[in-house]
Amino acid sequence: MMSNVTARLRCLALFCGLLLPLAVSGAGFPELERMTERGFRISAEARLLGDGGRSGEVLGAIEPELQLSPASVSKAYLAAAALDRWGPQHRFTTKLVSAAELDGNGGLRGDLILDGGGDPALATEDLWRLAQRLHQAGVREIGGRLVVSQWRFGPVECITTDRCEAQSRTANSYSALLSSAGVNHGNWCVNVAPGAAGGEPARITSCDSQSLILGIDNQVETRAAGSGTEFSAERVTREEGDVMLLRGYIARDAAPRDVYRASGDPARQTARTLLAMLEQAGIAVGQGYATSIEAPPATARNLAQVEGKPLQELLLQVMNYSNNFMADVLALNLADTPRANLLQAGEAIQDYVAGLPDHGPVTMLSGSGLTTENRTSAHGANVLLESMFHRSSLFPSFIASFQSPSNGVARFIRRGSPLFQDHIMLKTGTLNQPYAVRAVSGYFRTRSGRWGVFTVMVNGTASTPWLNWAQVLDPLAQDLERMIEAH
């Protein structure tokens, strides 16, 4: 399927190259344009907004219609589509339901089902609240199983190498697998602390419960104070389930450290975590846990529920921290068909973009932008930004999810003069394989207070040199500073 998509994209790019007029002068972007001499492909556009007849005045352009990979700038499309669909105050609901009867002694004579509602930010604290509310409802024992239902979506077929490899093992947190019933961004967390004396193993505890809820293979040795700390962590999936492999050493005086690694099965992770929460709440489960892709029975009644954070708060995490798990779970929620995959989620975003006049072609294979086969143009991205600017009820929540370089959470964007850092809000996108992508899109305010939008996408090839953010942000800052000063 991926090769067919790639072929269609190449045909689309060729079609656009033949029929669409492309600005190639680099006017307004003289510093950035120099990167084309090194073999990088660039689509860039900056223009003013919202000043009567002058609205839409182009200040700079380099092939603004060229279709390139936007990487995580794709998340701006997701944020706009999600706000358009649900509004800023929408919350996703997670429920505990059962079709079984409750006897007079607090016993549930059957299965307890967690109905995964697709909350991208479901966390241990939410599961704890569910357990507490179940206890408050009088339940003390589950005669059957704890069943985690991911009938809306999950397990979701992987379309990127990192996620496919994470089904068996991973040494990172960003390649988390996807489910409508995932918890803690699809990541296990363990705390690594020094042992009581040199030579002893490090102390490993769960971040989420009083007892360990995944397997541990601990070969981290405690060493003398001041001797330094260095250890690795890898999650592997064995017959008995997920196991965290820990190797290295930790100094006796080192502070405890939390370690996050993507789980091999997010629904199973949720089941094991909730099982621990039920145990801590004094609710016994008689027959263990299971996961399911079936919807709860129509006769199931609601025993407890918890609502997630408002969408506008979710978007802060999706955009500021470029959280791929949250982005793709949110995109999957946009698909109207149960058991949706990432391609269907991307199509839901494309359907939204189709309603934006003058946007032009767009291809979204994921809401996160993890795949280089997402495609848009600088002009198209600016059309999206301008459309949100004119939606008064949605724009505050939308722009709040962008970062200001002067106080953003990502340190690498704190570049350029104070004028640049204090006059723009942006979203960045980064990919390194199979070729380098550095993309940035957002809003700027000129000296006179006028609003503008800008998008720059720089794509490398197999033969271009290594690309870092300084090589893109430094010339971009100089070019945008001139535009901000001149207007």
Side-chain angles (χ1 to χ4, degrees), residues 91-98 100 102 106-108 111-150 152 154 173 176 179-191 204-216 241-242 244 256 258-263 265-292 296 300-310 313-314 317 323 325-326 329:
R91 297 171 185 258
F92 295 94
T93 302
T94 306
K95 301 177 181 179
L96 289 178
V97 303
S98 181
L102 187 64
L108 191 66
D111 292 341
L112 176 69
I113 304 170
L114 181 134
D115 184 356
D119 184 350
L122 187 70
T124 300
E125 63 198 65
D126 298 308
L127 300 186
W128 175 246
R129 287 202 299 271
L130 282 172
Q132 286 293 90
R133 288 170 186 174
L134 190 66
H135 189 276
Q136 291 163 4
V139 179
R140 297 295 182 270
E141 184 178 359
I142 311 300
R145 305 164 301 167
L146 167 64
V147 179
V148 171
S149 171
Q150 51 183 340
R152 288 176 173 83
S173 60
S179 169
S180 59
V183 68
N184 298 329
H185 305 150
N187 270 248
W188 291 114
C189 176
V190 297
N191 183 270
I204 312 299
T205 55
S206 172
C207 303
D208 302 307
S209 73
Q210 296 171 351
S211 58
L212 285 168
I213 51 177
L214 82 159
I216 299 294
D242 284 357
M244 191 79 81
D258 287 344
V259 177
Y260 298 87
R261 293 294 182 265
S263 71
D265 184 336
R268 191 176 184 186
Q269 176 197 356
T270 298
R272 293 174 71 170
T273 306
L274 179 55
L275 202 62
M277 298 300 101
L278 292 170
E279 180 182 344
Q280 289 176 215
I283 302 173
V285 179
Q287 298 183 28
Y289 66 85
T291 63
S292 172
R301 68 185 186 281
N302 191 11
L303 299 176
Q305 71 178 47
V306 61
E307 290 189 339
K309 296 178 174 64
E313 293 188 35
L314 298 181
Q317 298 180 56
N323 189 301
F325 174 88
M326 291 183 67
V329 168

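Sequential numbering from 1 along the given sequence is applied to the chain's residues.
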- Message: Run the side-chain contact (heavy atoms from CB on, under 4.5 Å) test on N184 and Q269 for me, step by step, so that the C-alpha distance in whole Å, both residues' side-chain angles and the decisive distance to 0.1 Å come before the verdict.
- Response: CA-CA 9 Å; N184 298 329; Q269 176 197 356; 4.2 Å; yes
- Message: Is there a side-chain contact (heavy atoms from CB on, under 4.5 Å) between R268 and S263? Walk through the geometry before answering.
- Response: CA-CA 9 Å; R268 191 176 184 186; S263 71; over 6 Å; no
- Verdict with supporting geometry, L303 and L102, side-chain contact (heavy atoms from CB on, under 4.5 Å): CA-CA 10 Å; L303 299 176; L102 187 64; over 6 Å; no
- Item | Intermediate values then yes/no, side-chain contact (heavy atoms from CB on, under 4.5 Å), W188 and I213 | CA-CA 9 Å; W188 291 114; I213 51 177; 3.8 Å; yes
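The shortest side-chain heavy-atom distance between L134 and L112 falls under the 4.5 Å cut-off. At least one side-chain heavy atom of R152 sits under 4.5 Å from a side-chain heavy atom of D115. Under the 4.5 Å side-chain criterion, counting only non-hydrogen atoms from C-beta, L130 is not in contact with M277. You'll find the side chain of L127 stays beyond 4.5 Å of the side chain of D208, heavy atoms only.
The shortest non-hydrogen separation linking S149 to P296 is OG-CD, 3.9 Å. Nearest heavy atoms, G241 versus R272: CA-NH1, 4.3 Å. The minimum heavy-atom distance between R145 and I142, with the atom names listed, is O-CG2, 3.9 Å. When all heavy atoms of L212 and S206 are compared, the closest pair comes out as CD2-N, 3.6 Å. Counting all heavy atoms, side chain and backbone alike, G186 lies closest to A176 at O-CB, 3.9 Å. Between P120 and L314, the shortest heavy-atom contact is CD-CD1, 3.9 Å.
To the nearest 0.5 Å, atom OG1 of residue T270 and atom CG of residue L275 are 12.0 Å apart. Residue Q150 holds its CD atom at 6.5 Å from CG of D265, rounded to the nearest 0.5 Å. Of the inter-residue distances, the one linking L96 atom CG with I113 atom CD1 reads 10.0 Å to the nearest 0.5 angstrom. Between the SG atom in C207 and the OH atom in Y260 there is a gap of 5.5 Å [rounded to 0.5 Å]. Interatomic distance, CD of Q132 versus CG of L278, reported as 10.0 Å (0.5 Å rounding). Rounding to the nearest 0.5 angstrom, the gap separating the OG1 atom in T93 from the CG atom in L122 is 11.0 Å.
Partners of D126 according to the side chain to side chain donor-acceptor pair (under 3.5 Å) rule, which considers only residues two or more places apart in sequence or in another chain, are R129.
Between the side chain of Q287 and the backbone N or O of G143 there is at least one donor-acceptor pair closer than 3.5 Å. The backbone N or O of Q280 sits nowhere less than 3.5 Å from a side-chain atom of Q210 that would complete a donor-acceptor pair. R91 places a side-chain N or O within donor-acceptor distance of the main-chain N or O of G308, the cut-off being under 3.5 Å. Using a distance-only test at 3.5 Å, with no hydrogens or angles considered, a donor-acceptor pair links the side chain of N187 to the main chain of H185. The main-chain N or O of A100 is never found under 3.5 Å from a side-chain atom of D111 such that the two would form a donor-acceptor pair.
Within 6.0 Å of atom CD in Q317, more than 12 heavy atoms from other residues, nucleotides or ligands are found, so the atom counts as buried in its surroundings.
For residues 280-289, no pair satisfies salt bridge (Lys or Arg N to Asp or Glu O under 4.0 Å), with sequence neighbours left out.
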